[in-house]
Amino acid sequence: MNFQIADFTRLIPEFLILAIAALVLLGDVLTRWSKGKEALAERTGEAIAMTLMGLGLAFVMVLIQGGFFNWVQIGDWKFYNFSIFQNLRTSGLDGSILGGAFVVDPLTHIGRLIFIGAAFVTVVLTGKAKPSNNPAEFYALILFATLGMIFMTAGGELIMIYLGVELTSIPLYVLAGYFRRDPVSSEAGAKYYIFGALSSAILLFGMSLLLGLTLMNGQTMNATPTSLSSVKTAVELAFANPEGPSQGVAILGLLFILAGMAYKVAIVPFHAWSPDVYQGAPTSMTAFISTASKTAGFFLIYRVLVTGFDAPSIMGTAAIGAPTSFGGWTSLVAILASVTMLVGNLAALPQTNAKRMLAYSSIAQAGFLMLGLVGTQRDSSVSLLMYLIAYTVTNLVAFGILALVEDNVGGTDFSNLNGLGRRSPGLTLLLTVAILSLAGIPPLSGFFVKFYVFIAAWQEGAKWLVIFAVSNTVISLYYYLRFLKAMYFAPAETEEPIKVGFGPGIVMTALTLLIFGLGIVPTWLYGVLEQATIRIGAR
Amino acid sequence: MLNEFIKFSDWSITTLIALSPLVGMLLALVFPKPAENSRTIAWGVFAWSLVPLGLTLFLWLSGGFNPALASVTGDQAMIQQVDRVRWVPFFNADYFVGLDGMNFPLVFLTTALTPVCILAAFRIKQRQNVYLALMLLLESAMLGYFVSLNFLLLFLFWEFSLVPMFFIINNWGGENRRYSAFKFFVYTMAGSVGMLIIFEFIYLATGTFDLVVLSRLAQGLPVDPALLAPKLGAGYSNGATLQSMLFSAVQDVGLTSVLGNSNGTPAAIIFWCIFVAFAVKLAVWPLHTWQPDTYENAPTSGSMIVSAVMSKMGAYGMIRLMIMLFPKQTNHFAPILAIFALASILFGAYAGLAQTNLKRLIAYASINHMGYVLLGLAAAASAAPESLGNLDVAIRTSALNGVQAQMVAHGFSTAALFFLAGELYERTGTYQLDQFGGLRKVMPIFAGIMGVAMFANLGLPGLAGFVGEFFIFRGAWGTQPVITTIAVLGLIVTALVLIRMYQKIFYGPVNHKLTNLPDIKVGDWAFNVTLPLIIVLLVFGIYPKPLMDLSNYAATVMAQVFTSL
């Protein structure tokens with residue numbers, strides 16, 4: 001169980017990101033180091049280029065390691081990849097390294113792809129933002145946050161999970177408040193930091209309770225006491241003996257962990273920070289926080305719940321009525337889900353700022369996402385992961401295009417979007433697709449994933465929740481259509497088109513095509529996701 | 001079990017018919033842009049659009065599609081030329097397309113009209129290749145919609161057909177194009193929200209999207225339980241119907257305390273949601289207000305295709321989803337549907353009288369004609385009076401056949417009218433009726449062609465429009481005598497509307513500005529566009545049997561469902 005030299009290869013993407021982050025910081029010192037306008041532009045350009053190359057390389061690496069490339073066989077001929085790829089592949093797949101702290105399973109691979117991809121898009125979107133005094137730190141922080149998200153997803157052990165959460169959060173606090181001169185941005189940073197620190201404390205407290213539980217059960221001879229598998233055994237033991245005090249400890253630990261993570265992913269009633277932060281942060285950062293950070297949080301919640309707490313006695317059921325009664329964490333998740341989508345949707349209705357409205361819409365989306373968490377059957381797990389992917393892609397487009405508009409127009413109020421359809425039809429089309437996908441209109445991916453979580457929750461027995469969620473989609477249509485109203489109906493102040501760089505244009509178009517692709521052929525991710533959930537133990 | 005009502009064949013070409021326009025679309029887009037006035041791409045697209053038409057005609061004439069074929073069990077029409085491939089396994093959904101008597105006439109209508117519309121689009125100068133590519137995309141979406149036998153697939157095509165039409169209006173339309181395009185989009189979208197939710201619920205309650213299975217369930221016919229997703233629904237047992245499965249799902253959810261304990265309530269709610277979605281598309285009063293704006297502001301060839309084919313998507317949806325899945329509810333609410341139909345017929349006709357704009361006038365006449373379609377559907381589903389006796393099936397069948405004939409005939413005649421309206425605009429620069437006058441002397445051939453189209457549209461015997469209206473009224477007299485009596489008024493007023501239009505354009509004193517208009521010459525472009533339309537109108541007017549044969553068996557089987565209720 002010790003660290004082996006072979007573990008290095010399994011961690012190549014992480015080392016790569018770390019190295020690139022260090023290089024970005026160092027390289028900044030080595031270039032023309034001045035605060036003149038030209039020098040700043042050059043330094044920004046170099047930092048962006050290096051970050052993008054690093055992320056791209058890491059992405060390809062994960063694709064290879066995760067076995068997403070296969071041998072091509074045509075007739076009797078078998079085309080092999082380069083042998084170096086083969087070595088990376090064999091070492092990349094599977095295994096719990098660092099003494100079980102870092103789990104390399106398909107779920108981790110999927111998480112890596114999502115986070116690295118989202119970071120890539122974010123960096124492309126920041127391209128036109130004004131360079132600050134130290135551009136390199138901005139990009140290095142994005143890389144560190146990405147690294148933290150991978151640790152969150154891959155963490156098989158409580159300390160690693162906590163470190164991952166912190167490594168993600170601390171750079172994001174800084175990034176949210178990056179425009180120091182802008183009071184809204186500073187407020188966003190400070191608010192994010194205070195709420196985040198508090199939630200970390202709550203999370204840590206829950207973890208310490210679980211550690212106490214595993215130690216109390218005295219089965220630490222062969223296993224790390226903080227690993228999720230020890231937690232699982234301890235929880236099962238605690239519930240096997242209902243008379244003892246340990247059952248309460250297990251429930252408390254779970255509650256605290258859930259509460260701490262609910263802060264991170266902005267679930268009602270722990271959501272109050274998110275509209276302010278989303279609105280105040282630089283828009284490209286909002287895109288990153290609302291997608292990658294939230295996805296990482298859900299991956300973490302999913303892994304902890306499914307590997308640590310899947311004993312039927314603590315899981316309970318979200319179904320009302322016979323044969324089993326309402327109870328356990330699934331019912332808690334179901335209640336949180338219903339409250340989250342209702343509050344998110346209702347609060348989104350009166351907003352006048354597009355970014356703030358999308359923040360509330362993200363809260364509502366988190367509510368829909370949790371429909372995939374009300375059980376651990378395979379459909380639930382697969383639908384949750386599929387929803388996360390579709391949500392990430394769609395929200396990246398929505399926030400990304402808002403960022404591009406903001407660069408030109410200087411604001412994200414609905415009045416800034418007026419007449420966008422006349423000014424930039426192409427850009428408006430992309431935003432329209434993203435908005436309709438968020439609203440769940442077929443044939444876009446948003447529809448399929450929403451429907452899939454409905455089916456999954458229905459099969460888990462939470463039928464009341466499905467009906468509630470369906471009625472919520474109707475509410476959400478109203479505010480999503482306000483986007484279209486502003487863009488197509490309202491008169492434009494000028495006819496001047498929005499200037500969009502080549503990179504952001506290409507990336508946004510590609511992601512929009514992905515929204516279509518995930519919608520029309522929703523099956524092509526199914527196999528991969530199913531593998532991931534089988535490996536992790538979904539039934 | 002499946003093979004009893006689905007006929008797989010070794011060389012099914014349904015998919016080829018429906019999706020081949022997509023290839024043409026790609027070709028039109030990637031083909032290097034020729035010189036300014038070159039028609040290379042336009043002719044290429046036109047030639048490509050003949051492929052689906054050729055395939056459809058081949059199926060029809062060669063007997064590859066046999067409209068009179070019954071299923072093995074004899075309880076429904078055999079669905080032929082089937083392609084059925086697993087598509088989304090976790091939704092138990094297949095890519096499932098096939099032809100029967102209810103969709104084949106519409107497939108023919110679509111494939112036949114698209115080449116004409118593409119030919120009519122030669123007038124478009126600005127980014128012509130993109131426009132033509134959108135036309136092919138639209139054709140594919142509509143064909144896909146008509147041939148889909150899976151609810152999910154059908155819904156995708158339904159929503160997707162909005163996209164090309166939106167751009168056609170938005171980018172190439174008339175004065176108010178952006179407003180009209182958006183109104184068109186939002187109306188259809190808002191109309192289908194109810195259906196979207198309802199269709200999710202139907203799946204959760206039954207575990208299948210398969211329209212054939214669902215309609216068998218709805219009629220209480222036996223269904224192979226293996227076709228239903230296992231974990232969903234209340235579980236299929238012998239004798240379960242769609243209505244009872246929906247009700248038990250509502251019971252499961254605990255909504256009975258809200259909806260009451262009546263077995264039929266959930267199905268009735270779903271019925272109305274579906275009706276609203278398709279009534280918007282069919283432009284049934286009072287959901288028609290998008291339609292005159294859209295028809296007026298779309299470019300000529302866009303108006304042609306949206307009025308001729310797209311509005312039929314609504315009627316087809318009513319047949320496939322409303323009548324086939326909810327026969328009891330349709331039967332129960334048929335009088336209300338008939339009243340809506342009557343309102344469309346009368347308001348469409350009288351509003352047409354007040355129009356000064358040529359395109360809007362044709363649009364209101366279309367509302368009137370689509371009212372007959374809805375009347376035919378309501379008549380086929382209505383409870384029959386005792387006195388009908390044995391005539392019952394025949395009456396309903398003739399109403400359903402009339403609906404199909406009316407849809408095809410109206411498609412051809414309205415397309416011709418819109419094309420000629422567009423040509424008038426090209427020649428005179430206006431759609432205002434009071435700006436014309438005496439044009440018969442200036443353009444005699446033009447007047448002749450428009451006369452045929454107009455009379456076909458108002459249903460003069462001998463032209464195709466008469467056949468549909470005659471059969472619809474024949475059916476409607478039997479089951480809805482009162483409403484039909486009043487609806488006759490609509491027939492007269494529409495005739496008045498159209499004849500008045502014709503008179504204002506072609507008779508009276510010649511407007512002195514318009515004395516030098518070029519007439520249509522035999523063999524020129526405009527003549528070639530209208531010729532096939534006129535020929536079809538004449539042929540089906542004199543000899544409608546081939547057209548009626550297409551739908552007759554399917555209509556008979558459907559009529560029997562209602563007689564046995």
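On a predicted model such as this, the values are computed, not experimentally measured, just so you know. Lettering of chains follows the sequences in order, A, B, ..., and the numbering in each one begins at 1.
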Fill in the blank from the handout: Given A:Val382, A:Leu465, A:Thr473, A:Leu484, the one with more heavy-atom pairs under 4.5 angstrom with chain B than any other is A:Leu484

Problem - Partner chain B: residue of A:Ile455, A:Ile467, A:Ile441 with the largest heavy-atom pair count (under 4.5 Å) - result: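 Option with the top pair count is A:Ile455.
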
Which atom names give the shortest non-hydrogen contact between [X] and [Y], and what distance separates them?
| X | Y | result |
| --- | --- | --- |
| A:Pro443 | B:Phe160 | CG-CD1, 3.9 Å |
| B:Phe90 | A:Pro522 | CZ-O, 3.8 Å |
| A:Gly440 | B:Leu196 | O-CD2, 3.8 Å |
| B:Phe182 | A:Lys485 | CZ-N, 4.2 Å |

Counting only heavy atoms closer than 4.5 Å, note whether [X] contacts chain B via side chain, backbone, both or neither.
| X | result |
| --- | --- |
| A:Phe516 | side chain |
| A:Met386 | side chain |
| A:Leu429 | side chain |

Practice task
Taking atom OH of B:Tyr95 as the centre, report whether more than 12 heavy atoms of other residues, nucleotides or ligands fall under 6.0 Å from it.
Solution key: yes

Practice task
Let me see the working for B:Met189 and A:Leu436 under side-chain contact (heavy atoms from CB on, under 4.5 Å), right down to the final yes or no.
Solution key: CA-CA 11 Å; B:Met189 203 75 141; A:Leu436 291 180; 4.0 Å; yes

Problem - Contact origin within B:Val193 toward chain A - heavy atom pairs under 4.5 Å - result: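 It is the side chain, since no backbone atom gets that close.
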
Completion exercise
The interface call for B:Phe157 against chain A, heavy-atom contacts under 4.5 Å, is neither

Practice task
Could you please spell out the steps behind the side-chain contact (heavy atoms from CB on, under 4.5 Å) verdict for B:Phe201 and A:Val466?
Solution key: CA-CA 10 Å; B:Phe201 185 73; A:Val466 175; over 6 Å; no

Roughly how far, to the nearest 0.5 Å, is the [atom2] atom of [Y] from the [atom1] atom of [X]?
| X | Y | atom1 | atom2 | result |
| --- | --- | --- | --- | --- |
| A:Phe451 | B:Leu204 | CZ | CG | 5.5 Å |
| B:Phe155 | A:Phe447 | CZ | CZ | 7.0 Å |
| B:Leu156 | A:Ile520 | CG | CD1 | 7.5 Å |

Handout entry: Backbone N/O of A:Val521 and side chain of B:Trp87: donor-acceptor pair under 3.5 Å
Key =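 Answer holds: no.
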
Exercise for the section: Show the numbers, then the answer: is there a side-chain contact (heavy atoms from CB on, under 4.5 Å) between B:Leu152 and A:Phe448? Expected result: CA-CA 10 Å; B:Leu152 192 64; A:Phe448 271 95; 3.9 Å; yes

